[in-house]
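Along the sequence shown, residues are numbered consecutively beginning with 1.
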Amino acid sequence: MRRALVGLLAGSVLGLGACTSAPVGDREVSEDGPFECGIAYDEVRGPEPGEPHGSLRDFRAADAVCDAWWLDLPDDFVPQGVEVTTSTAYVVGHRAGAVGSKPCQLAAVALPSGRTRAFAARLDPPGGRSDSAYCRHGGGAALTDAGLWVVETSRLWLLDPTRLDDPVLRVWRLGDGVRGSTLAATGGRLVVAGYRPDGPGRARWYDESALLRPGVTTLVEDAAGPGEVAMERSTRVPPRLQGLAFTRAGVPWFVSSGIACGVVRPGGRPRDFVPGAEDLVVDRRSIWTVSEASSTPYRDPGGALVPRLLLLDRAAVEGGGPATCEP
């Protein structure tokens, strides 16, 4: 450990209450107590994916990392989304593979141990297994009172995260012009955002209660017909968007990344972040994120790794100065 932090584990959702003191490893963490950041290789929890290499990739925001987990999951699991309660991290991803054949997967990870409590190797529509209609390339996640929302390119899924043996509750289609890459929830709205490599993308805002009405099957941009819900508004998001989250005050945080560079934008200001970062959760003093940088398709051939799940000091990230890389 290299640096002291006053911080905390992320706040809870699904009616579990506000931020509470919680153990992280052998340390007791609270809103008012000290917390050490800047971790070493042997302090990352769980079995390292692939062959052991014994080194962490160096990046500018590394001193803001306060805890990290390799995750005891299949080696070909590619993390994409994350949501966190007081005792569980829900990590959404997909199996590495060819385009069109990357099934969405979901892990419930116990905190602070990092032990996998449950794992869904594939998400199928309600009613049974389907070799044509299963979820592919799961992106961002959002946890609300209704359940765990997961977005893919052309569909939106609602899951019951307490029953990963049969988690799917409902599925919606994304209509023409609506593209899913990542997802967030704020103020009773679901925000579905798209990825564009060469310019700004769009985020489309939907009333969650309207989506949950019986008979609704499709999210559209406007002029909703039977079974459709139109977006309330559209907002601009940065290029190469990988993750989106909102603070309790409703301020958006955007993550753009490549395997060698991660940038987070708190309220639009670019700051150095985690290489390969995808989704994130922003709490009053902490940030959770997942990285795909050490997944099978993207692993550094030189052996330096990035943990799959990371907890960072929010103040250290925000105070790190302008970003020094461009995804």
Do [X] and [Y] have side chains that get closer than 4.5 Å, going by heavy atoms?
| X | Y | value |
| --- | --- | --- |
| Arg314 | Thr247 | yes |
| Phe273 | Gln242 | no |
| Val171 | Pro126 | yes |
| Leu106 | Val150 | no |
| Cys104 | Val92 | no |

Quiz item: Is the shortest side-chain N to carboxylate O distance from Asp198 to Arg196 below 4.0 Å?
Solution: yes

Quiz prompt | Residues forming a side chain to side chain donor-acceptor pair (under 3.5 Å) with Ser234, sequence neighbours excluded | solution =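 Partners of Ser234 under the side chain to side chain donor-acceptor pair (under 3.5 Å) test: Arg202.
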
Output every pair passing ring pair (Phe, Tyr, Trp, His ring centres under 6.0 Å) with a member in [range], not counting sequence neighbours, ordered by first then second residue.
| range | answer |
| --- | --- |
| residues 105-134 | none |
| residues 202-232 | Trp205-Phe246 |
| residues 161-181 | Trp149-Trp172 |
| residues 292-327 | none |

[X] side chain vs [Y] backbone, donor-acceptor pair below 3.5 Å:
| X | Y | answer |
| --- | --- | --- |
| Asp76 | Gly97 | no |
| Thr296 | Asp75 | yes |
| Arg240 | Ser256 | no |
| Asp72 | Gly46 | no |

Kindly give the heavy-atom pair with the smallest separation between [X] and [Y], and that separation in Å.
| X | Y | value |
| --- | --- | --- |
| Val237 | Gly194 | CG2-O, 4.0 Å |
| Val251 | Gly267 | CG1-CA, 3.9 Å |
| Ala146 | Glu208 | CB-OE2, 3.6 Å |
| Leu73 | Ala107 | CD2-CB, 3.6 Å |
| Gly258 | Pro327 | N-CB, 3.8 Å |
| Val191 | Ala203 | CG1-CB, 3.7 Å |

With sequence neighbours left out, what residues match [X] under salt bridge (charged side-chain N to carboxylate O under 4.0 Å, His left out)?
| X | value |
| --- | --- |
| Arg60 | Asp272 |
| Asp42 | none |
| Arg136 | none |

Quiz item: Tell me the side chain to side chain donor-acceptor pair (under 3.5 Å) pairs involving residues 211-230, sequence neighbours left out?
Solution: Arg204-Glu221

Quiz prompt | side chain to side chain donor-acceptor pair (under 3.5 Å) contacts touching residues 95-121 (sequence neighbours left out) | solution = Thr88-Arg117

Quiz prompt | Ser294-Arg57 side chain donor-acceptor pair, cut-off 3.5 Å | solution =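 Absent: no donor and acceptor within the cut-off.
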
Under a 4.5 Å side-chain heavy-atom rule over Ile, Leu, Val, Met, Phe, Trp and Tyr, are [X] and [Y] clustered together?
| X | Y | value |
| --- | --- | --- |
| Leu164 | Leu143 | yes |
| Leu241 | Val264 | no |
| Phe59 | Ile287 | yes |
| Leu310 | Leu280 | yes |
| Ile259 | Leu305 | no |

Quiz prompt | Residues clustering with Tyr195 (ILVMFWY side chains joined when closer than 4.5 Å, directly or via others) | solution = none

Going from [atom1] on [X] to [atom2] on [Y], what distance comes out if it is rounded to the nearest 0.5 angstrom?
| X | Y | atom1 | atom2 | answer |
| --- | --- | --- | --- | --- |
| Leu312 | Ser286 | CG | OG | 9.0 Å |
| Leu309 | Trp288 | CG | CH2 | 5.5 Å |
| Arg45 | Trp69 | CZ | CH2 | 6.0 Å |
| Thr144 | Leu212 | OG1 | CG | 7.0 Å |
| Leu158 | Leu148 | CG | CG | 8.0 Å |
| Asp207 | Leu211 | CG | CG | 7.0 Å |

Quiz prompt | Glu318 and its salt bridge (Lys or Arg N to Asp or Glu O under 4.0 Å) partner, picked from Arg265, Arg269, Arg271 | solution = Arg269

Self-check item: Derivation of the side-chain contact (heavy atoms from CB on, under 4.5 Å) call for Leu156 and Leu190
Solution: CA-CA 10 Å; Leu156 177 66; Leu190 287 181; 4.2 Å; yes

Quiz prompt | Full working for side-chain contact (heavy atoms from CB on, under 4.5 Å) between Ile39 and Val44 | solution = CA-CA 7 Å; Ile39 63 170; Val44 181; 3.7 Å; yes

Quiz item: What do the steps show when you test Val306 against Glu292 for side-chain contact (heavy atoms from CB on, under 4.5 Å), and what is the final call?
Solution: CA-CA 8 Å; Val306 179; Glu292 65 178 16; over 6 Å; no

Under 3.5 Å, which donor-acceptor pairs link side chains of residues 173-183 to any protein atom two or more places apart or in another chain?
none

Practice problem: Take Val229 and Leu219 through the test side-chain contact (heavy atoms from CB on, under 4.5 Å) and record every step on the way to the result. | Solution: CA-CA 5 Å; Val229 168; Leu219 286 67; 5.5 Å; no

